[in-house]
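One structure below.
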Amino acid sequence: EKVAYERRVREQKLRVEMMEVRRENASYIAQVEAGKKLDHIEQRQRRRQDKQGGGNKDAGQETKRRKIKQKKPFEGDKKAGVSLFI
């Protein structure tokens with residue numbers, strides 16, 4: 001009985017360890033794949049710059065700025081005298 005219990009405990013520990021290893025492996029693979037995608041994107045950008053004749057290497061490091069149109073904040077119903085501000 002004691003031997004069977006120890007065997008079950010050992011098997012459970014082994015299962016837990018295998019699950020952790022699989023999780024770590026999947027995380028590592030996901031990070032490697034993401035790195036490959038980023039490298040490919042950078043290569044494409046460099047090739048595109050070379051085709052355009054913009055051989056400036058610093059141009060690839062600049063971040064693009066996008067204009068985002070913001071909505072005006074809601075101030076309440078002015079006719080009814082209702083306001084969010086107290």
Side-chain angles (χ1 to χ4, degrees):
E1 187 176 318
K2 185 179 179 182
V3 174
Y5 173 75
E6 288 175 355
R7 183 171 14 107
R8 285 194 307 260
V9 169
R10 191 174 343 115
E11 288 173 356
Q12 180 64 25
K13 286 181 181 179
L14 184 61
R15 261 186 257 128
V16 169
E17 186 177 342
M18 290 297 292
M19 287 173 51
E20 289 176 5
V21 168
R22 283 186 194 129
R23 191 177 311 123
E24 289 174 2
N25 191 22
S27 173
Y28 176 77
I29 289 173
Q31 289 177 350
V32 168
E33 291 297 321
K36 286 181 181 179
K37 287 179 184 179
L38 290 175
D39 288 343
H40 182 69
I41 289 170
E42 289 175 1
Q43 273 184 340
R44 265 196 337 229
Q45 287 176 345
R46 275 190 241 119
R47 275 189 261 139
R48 190 175 298 150
Q49 286 176 354
D50 290 343
K51 284 183 181 179
Q52 292 176 353
N56 189 0
K57 293 182 181 179
D58 294 334
Q61 300 298 326
E62 293 178 9
T63 58
K64 292 184 179 180
R65 301 234 180 218
R66 294 184 174 97
K67 292 183 181 179
I68 300 172
K69 187 174 182 180
Q70 295 182 350
K71 296 180 181 179
K72 294 183 181 180
F74 179 73
E75 294 181 9
D77 191 6
K78 293 183 180 182
K79 293 179 185 176
V82 177
S83 177
L84 292 176
F85 304 107
I86 299 175

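- The side-chain hydrogen bond (donor to acceptor under 3.5 Å, both in side chains) pairs that include a residue from residues 5-30 are Q12-R15, where partners are two or more places apart or lie in different chains.
- Under the salt bridge (charged side-chain N to carboxylate O under 4.0 Å, His left out) criterion, R46 pairs with E42, not counting sequence neighbours.
- Listed by chain and number, the residues in a side-chain contact (heavy atoms from CB on, under 4.5 Å) with I41 are R44, Q45 (sequence neighbours excluded).
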